[in-house]
Amino acid sequence: MQFEIIPVTPFEQNCTLLICPTTQDAAIVDPGGEPERIRAALNRLSAKPRMILLTHGHLDHVGAAPELAAQLELPIIGPHRDDAFWLDALPQQAQMFGFPPQTAFRPDQWLEQGAQLQLGERRLEVLHCPGHTPGHLVFVDRDAGLAQVGDVLFRGAIGRTDFPRGNHAQLLRSIQERLFPLGDEVRFIPGHGPMGRLGEERRTNPFVGEGRVR
Ligand SMILES: [Zn+2]
Ligand SMILES: [Zn+2]
């Protein structure tokens, strides 16, 4: 799987283009803002956008989804329906974070644990990884050993759980029972900051790794 990371919004959120290298079919994961930069990257890479995928309902991950969906005639797919309340609260999120006004929206399709998505000749598997938000999803290309993990896991850190319906114990379970079993060699793209490898986090992450303070 080819990929391109475009940090958007003042939160430097990693909007990610996942592109089938054979067909150039592309998924836009978490277009949080700056739709013109995302469209420019699609053009530069000669990618054919087919869908917008959302990991969770936080504004910096979804802010440009409705505009891009309308401009490019794409379906919005995900997150899990347990994040509906976050999407409903987009106007308040915009106010809280000082973003331009944002209207609430619903995706064309919610996704469940274990769902499969076809992108050109590549297959994406959907993992439900609640904790940061209750409806948070992770998108995995097992053949490529690549996962887009949103705000579940970062290099040397984990997602915040101090938001409404955040759950720290649940987040640790999501990482330990859904992410780490994917394999040490799997590379992950987090919602913010640099890419990492699951094995390194399994060994050294101070919050969820083997050496964490209990
Ligand atoms: Zn978030
Ligand atoms: Zn985020």
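Counting convention: from 1, in listed order, for ligands and their atoms alike.
- The other residues sharing a hydrophobic cluster with Phe85 are Trp86, Phe163, where clustering joins ILVMFWY side chains under 4.5 Å apart.
- Taking the six-membered ring where tryptophan is involved, the planes of Phe11 and Phe97 are perpendicular, since the angle between them exceeds 60° and thus also 30°.
- Electrostatic pairing of Asp184 and Arg202 counts as a salt bridge here, judged by a charged N lying under 4.0 Å from a carboxylate O.
- For the pair Arg122/Leu18, no side-chain contact is recorded, criterion being any heavy-atom separation below 4.5 Å from C-beta on.
- Protein N/O/S atoms closer than 2.8 Å to the Zn ion (ligand 1), listed by chain and residue number, are His56 NE2, His58 ND1, His132 NE2, Asp151 OD2.
- Within a 6.0 Å sphere centred on CD of Gln176, other residues, nucleotides and ligands contribute more than 12 heavy atoms.
- None of Thr16, Val149, Leu119, Thr55 except one satisfies the side-chain contact (heavy atoms from CB on, under 4.5 Å) rule with Phe139; the exception is Thr55.
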